[in-house]
**Q** 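After the structure tokens below, expect a handful of questions from me.
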Amino acid sequence: MTSTMEINFKDKTVSITSLHQWHTYEGLIEGVPHDKMNERILKFIPQKALKLTNDAKYILIEPEQTPIDIGREYPFGKPMSLPSFICVAGLRHHGTSKPEIGGISELTLICFQNQFTPPFESKVLEEIEKLNWFDFAKDISWDEY
């Protein structure tokens with residue numbers, strides 16, 4: 001028996017084919033997260049997601065950054081934190097943007113949240129439900145698959 005996890009986009013319901021998660025600040029030994037560190041994390045994640053899902057097409061649900069009050073100036077940047085966990089999900093829909101071409105479509109979802117998934121947090125799902133799948137997904141014909 002197989003169980004499929006699904007996510008609803010505005011126009012399609014898609015299957016989650018892989019899910020990878022880790023602590024956002026894994027490896028941070030000293031100091032506090034800051035805006036420059038967060039910028040590096042956001043820049044690096046698509047590269048890591050590509051290695052995990054083998055799909056260069058991705059969407060990043062922009063995470064909220066929360067200011068951290070440390071009561072003094074911080075020499076490395078403005079203290080800010082991202083949500084606790086990074087989630088990278090491989091997504092697939094059986095069908096392409098061109099119905100006359102048989103195949104599948106795939107996309108990688110990158111998001112941040114304060115708990116492990118599943119389930120995805122409601123604010124992440126709300127953002128996804130606003131998006132049209134075929135505006136982001138990559139078509140793969142059966143010949144290419």
Side-chain angles (χ1 to χ4, degrees), residues 1-99 103-141 144-145:
M1 175 186 273
T2 59
S3 176
T4 303
M5 290 188 343
E6 297 177 329
I7 293 181
N8 294 314
F9 279 73
K10 186 176 184 179
D11 57 341
K12 297 290 177 201
T13 298
V14 303
S15 298
I16 299 172
T17 58
S18 65
L19 181 59
H20 309 271
Q21 303 173 84
W22 62 93
H23 287 277
T24 304
Y25 299 109
E26 194 171 276
L28 178 62
I29 297 172
E30 189 176 357
V32 297
H34 51 82
D35 57 345
K36 294 175 186 170
M37 178 186 296
N38 294 345
E39 188 177 310
R40 286 191 302 270
I41 289 170
L42 291 169
K43 183 178 180 181
F44 165 75
I45 292 216
Q47 296 167 18
K48 185 167 184 177
L50 173 61
K51 290 177 184 176
L52 294 171
T53 65
N54 294 317
D55 191 354
K57 293 282 279 190
Y58 71 90
I59 55 170
L60 168 67
I61 304 300
E62 200 64 41
E64 185 176 321
Q65 296 193 47
T66 305
I68 301 172
D69 182 11
I70 61 170
R72 60 179 170 79
E73 291 274 330
Y74 194 65
F76 304 108
K78 184 177 179 183
M80 304 282 284
S81 68
L82 294 166
S84 302
F85 297 98
I86 299 170
C87 304
V88 174
L91 307 177
R92 179 177 295 151
H93 173 70
H94 289 279
T96 65
S97 62
K98 298 174 182 89
I104 62 171
S105 47
E106 292 183 331
L107 179 64
T108 297
L109 167 66
I110 303 169
C111 63
F112 290 73
Q113 56 184 49
N114 289 309
Q115 64 184 18
F116 258 73
T117 62
F120 283 96
E121 291 179 354
S122 59
K123 64 182 175 182
V124 169
L125 294 175
E126 288 169 7
E127 287 299 314
I128 293 168
E129 288 174 350
K130 295 175 188 175
L131 303 174
N132 289 314
W133 170 256
F134 289 121
D135 288 348
F136 298 93
K138 173 180 74 174
D139 286 341
I140 304 170
S141 72
E144 297 172 304
Y145 193 69

**Q** Check whether D11 reaches the backbone of W133 with its side chain - one donor and one acceptor, N or O, closer than 3.5 Å.
**A**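 Yes.
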**Q** Please report the closest heavy-atom contact between N114 and P83, naming both atoms and the distance.
**A**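 Result for this residue pair: OD1-CA, 3.4 Å.
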**Q** Ignoring hydrogens and angles, tell me if any N or O in the side chain of S141 forms a donor-acceptor pair with the backbone of G103 under 3.5 Å.
**A**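 Side chain of S141 to backbone of G103: no pair is present.
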**Q** Could you tell me whether the side chain of T24 and the main chain of S84 form a donor-acceptor pair under 3.5 Å?
**A**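 Yes, T24 side chain to S84 backbone: donor-acceptor pair under 3.5 Å.
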**Q** What's the spacing between I45 CD1 and I110 CD1 if we round to 0.5 Å?
**A**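 The CD1 atom of I45 sits 6.5 Å away from the CD1 atom of I110.
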**Q** Where is the tightest heavy-atom contact between M5 and P118, given as atom of each residue plus distance?
**A**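 Result for this residue pair: SD-CG, 3.6 Å.
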**Q** Using the rule given for side-chain contact (heavy atoms from CB on, under 4.5 Å), can you reason through K48 versus I86, listing the C-alpha separation, both sets of side-chain angles and the distance that settles it, and then say yes or no?
**A** CA-CA 11 Å; K48 185 167 184 177; I86 299 170; over 6 Å; no
**Q** Does any N or O in the side chain of E121 come within less than 3.5 Å of the main-chain N or O of Q113, such that one atom is a donor and the other an acceptor?
**A**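 Flag not set: sc E121 to bb Q113 has no pair under 3.5 Å.
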**Q** Would you say CD of Q115 has more than 12 non-hydrogen atoms from neighbouring residues, nucleotides or ligands within 6.0 angstrom?
**A**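 More than 12 within 6.0 Å, yes.
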**Q** Going by heavy atoms in the side chains, are Y58 and L50 under 4.5 Å from each other?
**A**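 No - every pair of side-chain heavy atoms lies 4.5 Å or more apart.
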**Q** Are the side chains of S18 and T53 in contact, using a 4.5 Å heavy-atom criterion?
**A**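 Side-chain contact under 4.5 Å: yes.
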**Q** Is there side-chain contact between K36 and R40, with at least one heavy-atom pair below 4.5 Å?
**A**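 With C-beta onward as the side chain, the pair touches.
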**Q** Do Y25 and N38 pass the side-chain contact (heavy atoms from CB on, under 4.5 Å) test, and can you show the C-alpha distance, the side-chain angles, and the key distance before you say yes or no?
**A** CA-CA 9 Å; Y25 299 109; N38 294 345; 2.6 Å; yes
**Q** Please check this pair: side chain of N132 against backbone of F134, looking for a donor-acceptor N/O pair closer than 3.5 Å.
**A**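 No; zero donor-acceptor contacts below 3.5 Å.
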**Q** If you look at every heavy atom in M37 and L28, which pair is closest and at what distance?
**A**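 Looking at all heavy atoms of both residues, the closest pair is CE-CD1, 3.8 Å.
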**Q** Enter the distance from L52:CG to Q21:CD here, rounded to the nearest 0.5 Å.
**A**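 Taking CG in L52 and CD in Q21, the distance rounds to 11.5 Å.
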**Q** Mind listing the closest non-hydrogen atom pair of T13 and H93 along with its distance?
**A**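 What the structure gives for the nearest pair is O-ND1, 3.6 Å.
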**Q** Any donor and acceptor pair, going by atom type alone, linking the side chain of D35 with main-chain N or O of K78 inside 3.5 Å?
**A**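 Yes, the answer is positive, given that a donor and an acceptor are paired below the 3.5 Å cut-off.
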**Q** Taking CZ in F9 as the centre, count heavy atoms belonging to other residues, nucleotides or ligands within less than 6.0 Å. Is the count above 12?
**A**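 Counting other residues, nucleotides and ligands, CZ of F9 exceeds 12 neighbours.
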**Q** Which word best sums up how the rings of H34 and Y74 line up, parallel for under 30°, tilted for 30 to 60°, or perpendicular for over 60°?
**A**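 Aromatic pair H34/Y74 classed tilted.
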**Q** Quick one, Q65 with L42, criterion side-chain contact (heavy atoms from CB on, under 4.5 Å). Give me CA distance, side-chain angles, the key distance, then yes/no.
**A** CA-CA 11 Å; Q65 296 193 47; L42 291 169; 4.2 Å; yes
**Q** Which label fits H23 and F85: parallel for a plane angle under 30°, tilted from 30 to 60°, or perpendicular past 60°?
**A**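 It falls in the tilted class, 30° to 60°.
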**Q** Between atom CG of D55 and atom CG of L107, what is the distance when rounded to the nearest 0.5 Å?
**A**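 If I round to the nearest 0.5 Å, the distance is 6.5 Å.
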**Q** Only one of L91, T117, L109 passes side chain to side chain contact (heavy atoms under 4.5 Å, CB included) with I16; say which it is.
**A**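 Answer after filtering L91, T117, L109: L91.
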**Q** Tell me whether R92 is salt-bridged to E106, with the criterion being a basic N under 4.0 Å from an acidic carboxylate O.
**A**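 A salt bridge links R92 with E106.
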**Q** Find the distance between NZ (K123) and CG (L125) and round it off to the nearest 0.5 Å.
**A**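 It is 12.0 Å, given to the nearest 0.5 Å.
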**Q** Are any non-hydrogen side-chain atoms of L82 and P33 less than 4.5 angstrom apart?
**A**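 No, side chains not in contact.
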**Q** Give the intermediate values and the outcome of side-chain contact (heavy atoms from CB on, under 4.5 Å) for residues F120 and I61.
**A** CA-CA 12 Å; F120 283 96; I61 304 300; over 6 Å; no
